[in-house]
Amino acid sequence: MLDARYVRENVETVRNALQKRGYEFPLAEFLAIDGKRISLLKETEELRNRRNTVSEEIGKLKRQHADASSQLAEMKEVSDRLKELDEKLRDLEAETKTFLLTIPNIPHESVPVGRDEQENKEIRRWGTPRQFDFEPLNHWDIAEPLDIVDFDRAAKIAGARFALMKGMGARLERALMNFMLDTHVTKGYREIFPPIMVNRDSMIGTGQLPKFEMELFRIADPEFYLIPTAEVPVTNIFRDEILREEDLPIYYTAYTPCFRREAGSYGKDTRGLIRQHQFNKVELVKFVSPEDSYEELEKLISDAEEILRRLDLPYRVITLCTGDMGFSSAKTYDIEVWLPGQNRYREISSCSNFEDFQSRRAGIRFKREGKKGTEFVHTLNGSGLAIGRTLVAILENYQQKDGSVVIPEVLRPYAGTDRIK
RNA sequence: GGAGAGGUGGCCGAGUGGUCGAAGGCAGCCGCCUGCUAAGCGGUUGUGGGGGUAAUACCCCACCCAGGGUUCGAAUCCCUGCCUCUCCGCCA
């Protein structure tokens, strides 16, 4: 969420910045609502002031058993008027809030301007795609003969876009999760295992709601949402709290299942493990001082890359352009892993700096030693990594001519074997 | 699922509808004092919004789980929701 006052005082800057991401900011509408709200606020505050003063007088008079009927009459009127204004004010405040909640974040100045993924900028590559002396297969053509993934039965049990992992498939899923968590913990991230169903406020806090209801699974009766990423519960750990300066930075890592509706992606990645309604992911989340957040973003992406480097999987890093960034992000790097079966790089991690966009929504503040007032922390997060897609990358990059798959060196202690056959 | 108790400032905890942003204690900070990181004394210590200032100061409004309501006036009364705890039942 953007700061209402900042928007009010920097209308043009805000509008130009949002235009870069293809978002037309309804400027006049906002200023109208906001202006009305402010003037109404002043009016009600004056009335309340009057009410407080006179009520106090009435109290005094009553204690002296004096007559207060004229004051009482006036107050009756003031009170009625206040009730009216309060109602209007409440509506306007709700309207302003909703308005602000649906405005995306302002891109950082270092973000390339562009319309869509065509204009993302590659910034580095790591590793060399392996030369195959045979035609490399898609991961599902590797997995199904090995009987480690069963899509047909998953469809019977649940439906399309679900997978049933079996034997070494299941084991590899677990091995990756442990390997990733262990690696991050060594680097100073604290391990978290959060709730994977959350309330509405949490979803608003990180920016999934109110705008993207369509992308979430919701449980109806007691109302809960299934998390689309651990970012949601982990970032909301400090919702409505004030941290101390010395608490920062805070690094968390969490493994969770993630659930996404994938509405609007019909026809995309219909086969295989790439796009599922349920998938596993290890996430990295940071709470940092504003002045450090861009440096922290570089460290974050590097910690995510570390997983791929240790698995010896070739990848590249790209900066998302203004038109391709997520709603809440000020700057996002994607890591794309090389998939020989598709002969292209595919997203496996997304690392973003949200600056104070999420912390303002969620009320995550901190207090500087010796300074008055509070500031919003900056929040960041990134996948470290998407487990299903990492498994895909391993199958495709480590496949052998005989249909077996070699297990990457670092994973062998976790997997209990050096080869799936 | 059934029965009951409760949600107050960083923590503990009091609060008769008006003088309560809220007693008291602890912790913290600043002084004083005491020759040694103990005790004592005095002061001070929340958040958000609006106004004001060069910046402080200062003024106003709101906040005692949340949202409604009653009242001239609500931390205090009423309703709803959320959360916590205890007992019984059930259960991984």
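Letters A, B, ... mirror the listed sequences (proteins, then strands); counts begin at 1.
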Quantified in whole Å, what is the [atom1] atom distance between nucleotide [N] and nucleotide [M]?
N: B/G1; M: B/C91; atom1: P; result: 15 Å
N: B/C12; M: B/G4; atom1: P; result: 27 Å
N: B/A14; M: B/C77; atom1: P; result: 15 Å
N: B/C64; M: B/U19; atom1: P; result: 15 Å
N: B/U76; M: B/A66; atom1: P; result: 11 Å
N: B/A5; M: B/C59; atom1: P; result: 44 Å
N: B/G18; M: B/A75; atom1: P; result: 11 Å
N: B/G67; M: B/A62; atom1: C1'; result: 16 Å

With a 4.0 Å cut-off on heavy atoms, is [X] in touch with a base, just the backbone sugar-phosphate, or nothing at all?
X: A/R50; result: nothing
X: A/K60; result: nothing
X: A/I58; result: base
X: A/N52; result: sugar-phosphate
X: A/R200; result: nothing
X: A/T374; result: sugar-phosphate

Open item on the list: Donor-acceptor check, side chain of A/R171 to backbone of A/Y414, threshold 3.5 angstrom: yes or no?
Closed with: yes
Open item on the list: Looking only at side-chain N and O atoms, does A/D34 offer a donor or acceptor that is under 3.5 Å from a partner on A/T96?
Closed with: no
Task: Exercise: do A/Q358 and A/T206 side chains pair donor with acceptor under 3.5 Å - done: no
- [ ] Name the first nucleotide and the last nucleotide along RNA chain B (5' to 3') that come under 4.0 Å of a heavy atom in chain A.
- [x] B/G18 to B/G73
Open item on the list: I'd like to know whether NZ of A/K36 has more than 12 heavy-atom contacts from other residues, nucleotides or ligands below 6.0 angstrom.
Closed with: no
TODO: Once you apply the 3.5 Å cut-off to both distances, tell me the Watson-Crick or G-U wobble partner of B/G73, or none.
DONE: none
